[in-house]
Amino acid sequence: MIKLYNTYTNKLEVFKPINGKEVKMYNCGPTVYSYAHIGNFSSYLMADLLRRYLEYSGYKVKQVKNITDVGHLVADADDGEDKMEKAAREQKKDPYVIARFYEKVYIEDENKMNILEPFIRPRATEHINEMIHMIEVLMKKGYAYETEDGIYFDITKFKDYGKLSGNTLDKLHIGARVEINDKKKHPYDFALWKKLVFNNKYHIMKWDSPWGEGFPGWHIECSAMARKYLGDRIDIHTGGEDNIFPHHECEIAQSEAYSSKKYVNFWIHKRWFFVEGKKMSKSLGNIYTIKDIEDMGYSALDLRYLLLSAHYRAKLNFTKKGLTDAKNNRKKLLTLINELESITKKDTNLDIIKTMVKLAKKRFIESMDNDLNTSAALAVVFDLAKKINKFLKENTIGIEGANLVLSLIKEFNSIFGVLDLNKAHIPANIILLAEERKQSKINKDFKQSDDIRAQILKEGYELRDKPNNEYDIYPVL
RNA sequence: GGCGACAUGGCCAAGCGGUAAGGCAGUGGUUUGCAAAACCAUUAUUCGCCGGUUCAAAUCCGGCUGUCGCCUCCA
């Protein structure tokens with residue numbers, strides 16, 4: 001029984017899909033006007049974890065993750081410049097070229113982070129017709145109106161506006177400055193379609209519409225694409241906590257006004273984190289990309305581990321030390337796996353190990369069922385690791401027990417995805433060096449032995465001695 | 001001003017009414033030619049503060065404080 005915290009009700013709720021074991025999930029994806037940063041990835045990572053865990057729990061997940069390549073305005077819902085156009089102007093390039101470039105890097109980064117490929121990654125610019133269709137219906141139903149610069153959604157017509165964020169109409173009035181310089185009926189009415197007039201006269205990305213040439217508002221793309229691939233009603237919609245208002249609030253308004261059905265059952269939002277105790281911001285220069293993390297000497301999987309080590313609704317403090325811890329933890333598990341895989345002896349303790357593995361699995365599932373409590377789940381894994389290491393030390397675990405533990409760790413990894421379990425291929429020259437060192441050791445030439453070990457480390461491999469001059473070779477993570 | 005979230009050891013982080021998980025770092029020890037890995041021991045009488053409920057509260061209730069996000073305000 002999986003329980004998830006639903007932002008819509010502010011409660012922990014038992015998850016139940018609309019349709020049997022089928023889960024329809026929509027993730028708010030990136031706006032590809034620049035490199036995605038670790039904050040963006042933490043949100044996609046949460047979605048990936050949720051998808052993996054749902055699949056592990058027997059659900060079939062249809063995951064849609066959009067690519068926003070137009071229409072995301074830099075200021076509020078209907079003012080300011082389009083992010084894509086701004087980047088294009090600044091970099092003096094075609095906005096499409098920019099969008100495709102950053103999209104490519106973004107997908108490469110997701111692969112590095114072991115984020116699974118969704119069912120589809122629809123692009124906003126390729127779904128303009130679907131958006132226009134929705135806007136037309138909203139016009140017909142009286143939820144939208146036309147002004148000289150665009151089509152707007154009339155929030156006073158949608159009674160549930162504000163239900164997600166708490167920013168209901170009466171609350172929005174408090175202290176609200178009334179916009180008199182535009183033709184909107186209510187200051188919080190948001191753009192569905194923008195015409196090529198005034199500031200937007202020279203917008204490069206533009207399409208024909210019943211209201212003349214123009215481009216879509218930011219919010220409508222998600223409603224239109226979610227509807228196209230998942231239907232009017234979806235089970236789970238995710239995003240960063242900053243998306244709650246206005247983006248998701250507006251999505252609900254558009255989609256429910258259009259279909260007259262409940263749009264989303266579960267709204268799941270990823271909490272932001274700090275970087276070294278501070279808010280991640282351009283002015284502080286602490287916005288990291290995957291490349292930055294790699295340049296610091298860590299892998300995307302170290303980052304993945306760190307971001308998953310805290311609960312998704314808790315505020316993590318992202319630090320360099322945290323990355324080091326993550327790396328060490330991953331190493332610890334890989335070492336254990338390696339040791340277990342080299343066991344050949346028969347079991348003497350099988351019953352105890354069976355019980356331990358069974359209990360660990362039960363606790364692991366209980367933790368994850370409880371709103372994806374990853375910290376608790378990791379604790380279960382390390383608790384087991386500690387106990388098994390003790391058996392290894394005492395040489396009281398055999399091949400059957402080892403396999404039980406291994407398969408549980410692999411199950412765990414199918415959800416967390418933090419370990420690369422493909423046996424690393426150790427190059428021949430490294431093995432040669434290791435053998436050479438073994439001889440030096442036997443000859444008690446420790447100077448040479450240490451030199452060779454340093455040489456191997458320099459080439460990216462770690463040599464660990466075992467009894468009788470035997471050794472293990474580990475790739476440096 | 002509005003809505004919401006969070007506050008646990010040096011750091012990260014569990015805990016969901018029964019007397020503080022786990023990881024990292026530190027210290028001492030075992031092992032090792034030396035390392036690394038692993039193991040053993042050790043590190044919160046205490047969970048932001050103040051009240052209340054209870055035989056029993058980090059856990060429930062009320063109030064306060066702090067931090068953060070969004071909105072607003074201000075520019």
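Note on naming: letters A, B, ... go to the chains in the order of the sequence lines (proteins, then strands), and numbering restarts at 1 for each one.
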Could you write out each protein N or O paired with an N or O of nucleotides 58-64 of chain B at a distance under 3.5 Å?
none

Just the atom pairs and distances: protein N or O near nucleotides 25-32 of chain B's N or O, under 3.5 Å.
none

Where do N or O atoms of nucleotides 47-49 of chain B meet protein N or O atoms at under 3.5 Å, pair by pair?
none

Show each protein N/O and nucleotides 4-7 of chain B N/O combination with a separation under 3.5 Å, one pair to a line.
| from | atom 1 | to | atom 2 | distance (Å) |
| --- | --- | --- | --- | --- |
| B:A5 | OP1 | A:Tyr5 | OH | 3.3 |
| B:A5 | O2' | A:Arg271 | NE | 3.4 |
| B:A5 | N3 | A:Arg271 | NH2 | 3.3 |

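A salt bridge links A:Glu411 with A:Lys361: at least one charged nitrogen is closer than 4.0 Å to a carboxylate oxygen. Salt bridge annotation for A:Lys410-A:Glu341: present, with a cationic side-chain nitrogen under 4.0 angstrom from a carboxylate oxygen. The existence of a salt bridge linking A:Asp451 and A:Arg437 is excluded, since no basic side-chain nitrogen approaches an acidic carboxylate oxygen closer than 4.0 Å. Note on A:Glu55 versus A:Arg51: salt bridge recorded, some NZ/NE/NH1/NH2 to OD/OE distance being below 4.0 Å.
Remark: P of B:G23 and NZ of A:Lys332 are 6 Å apart, rounded to the nearest angstrom. Going from atom CG of A:Asp445 over to atom P of B:C34 covers 16 Å, rounded to whole Å. One can place CG of A:Leu334 at 12 Å from P of B:A38, the figure rounded to the nearest angstrom. Regarding A:Lys387, its NZ atom lies at a distance of 13 Å from the P atom of B:A21, rounded to whole Å. If you take NZ of A:Lys270 and C1' of B:C70, they are 16 Å apart, rounded to a whole angstrom. For A:Leu307 and B:A13, the CG to P distance is 12 Å, given to the nearest whole Å. Going from atom CE of A:Met280 over to atom P of B:C68 covers 15 Å, rounded to whole Å. The nearest whole Å value for the distance from the NE2 atom in A:His248 to the P atom in B:C71 is 14 Å.
Cation-pi check for A:Arg313 over A:Tyr5 is met; the charged atom lies under 6.0 angstrom from the ring centroid and within 45 degrees of its normal. For the pair A:Lys315 and A:Phe274, the cation sits on the ring face: its NZ or CZ lies under 6.0 Å from the ring centre, inside 45° of the axis.
In this structure, A:Tyr288 has its ring center no closer than 6.0 Å to that of A:His37. The aromatic ring centres of A:Tyr102 and A:Tyr35 sit less than 6.0 Å apart. With ring centers used as reference points, A:Tyr26 lies 6.0 Å or more from A:Tyr263. For A:His248 and A:His269, the ring centers sit closer than 6.0 Å to each other. Here the two rings, on A:Tyr152 and A:Phe190, have centers that are 6.0 Å apart or farther.
Counting heavy atoms from C-beta outward, A:Ile252 and A:Tyr161 have side chains that stay 4.5 Å or more apart. Looking at heavy atoms from C-beta onward, A:Glu462 lies in side-chain contact with A:Lys331 at the 4.5 angstrom threshold.
Using Watson-Crick or G-U wobble geometry with both donor-acceptor distances under 3.5 Å, B:G18 finds its partner in B:C55. Both distances falling under 3.5 Å, in either a Watson-Crick or a G-U wobble arrangement, occur for no nucleotide opposite B:U46. Pair check for B:G4 finds B:C68; Watson-Crick or G-U wobble, both atom distances under 3.5 Å. Using the Watson-Crick or G-U wobble rule with both distances under 3.5 Å, B:C24 pairs with B:G10. With a cut-off of 3.5 Å on both pairing distances, the Watson-Crick or G-U wobble partner of B:U30 is B:A38.
Atom name P, nucleotides B:U31 and B:C40: the rounded distance is 16 Å, in whole Å. Atom C1' of B:G17 sits at a distance of 6 Å from the matching atom of B:A57, rounded to the whole Å. For the C1' atoms, the distance from B:C64 to B:G28 is 45 Å, rounded to whole Å. Only the P atoms considered, B:U19 is 32 Å distant from B:G26, to the nearest whole Å. Spacing between B:A20 and B:C12 at atom P, rounded to whole Å, works out to 23 Å. Between the C1' atoms of B:G23 and B:G9, the separation comes to 13 Å (whole Å). Nucleotides B:C39 and B:U45, compared at atom P, are 27 Å apart to the nearest Å. Going from the C1' atom of B:G18 to that of B:G29 covers 36 Å, rounded to whole Å.
When each of A:Asn329 and A:Lys441 is assigned the nucleotide of RNA chain B bearing its nearest heavy atom, the one mapping closer to the 5' terminus is A:Asn329. Of the two residues near RNA chain B, A:Arg464 and A:Trp272, the one whose nearest nucleotide lies more 5' is A:Arg464.
Of the residues listed (A:Asp69, A:Thr68, A:Asn66), the one engaging A:Thr31 in a side chain to side chain contact (heavy atoms under 4.5 Å, CB included) is A:Thr68, and it is the only one.
Taking only side-chain nitrogens and oxygens, A:Lys163 never comes nearer than 4.0 Å to OP1 or OP2 of B:C3. OP1 or OP2 of B:U72 has at least one side-chain nitrogen or oxygen of A:Tyr188 nearer than 4.0 Å. Listed pair A:Asn317 / B:C12 meets the phosphate criterion, a side-chain N or O lying under 4.0 Å from OP1 or OP2. At the phosphate of B:A13, neither OP1 nor OP2 sits under 4.0 Å from any side-chain N or O atom of A:Ser375.
A:Leu463 comes within 4.0 angstrom of a nucleotide base, judged by non-hydrogen atoms across all strands. Nucleic acid contact class of A:Phe274 (heavy atoms, under 4.0 Å, all strands): sugar-phosphate only. Among the heavy atoms of the strands, none lies under 4.0 Å from A:Ser367.
Between the side chain of A:Ser449 and the base of B:G33 there is at least one donor-acceptor pair of N/O atoms closer than 3.5 Å. On a pure distance criterion of 3.5 Å, a polar donor-acceptor pair joins the side chain of A:Arg453 and the base of B:A35.
Not counting sequence neighbours, A:His311 has no partner by the ring-ring contact (aromatic ring centres under 6.0 Å, His included) test. A:Phe158 pairs by the ring-ring contact (aromatic ring centres under 6.0 Å, His included) definition with nothing, not counting sequence neighbours.
Closest to the side chain of A:Ser309, out of B:C39, B:C12, B:A36, is B:C12.
The ring of A:Phe446 lies on top of the base of B:G33, close enough and flat enough: under 5.5 Å between centres, under 30° between planes.
No hydrogens or angles considered: a donor-acceptor pair under 3.5 Å links the side chains of A:Glu459 and A:Gln455.
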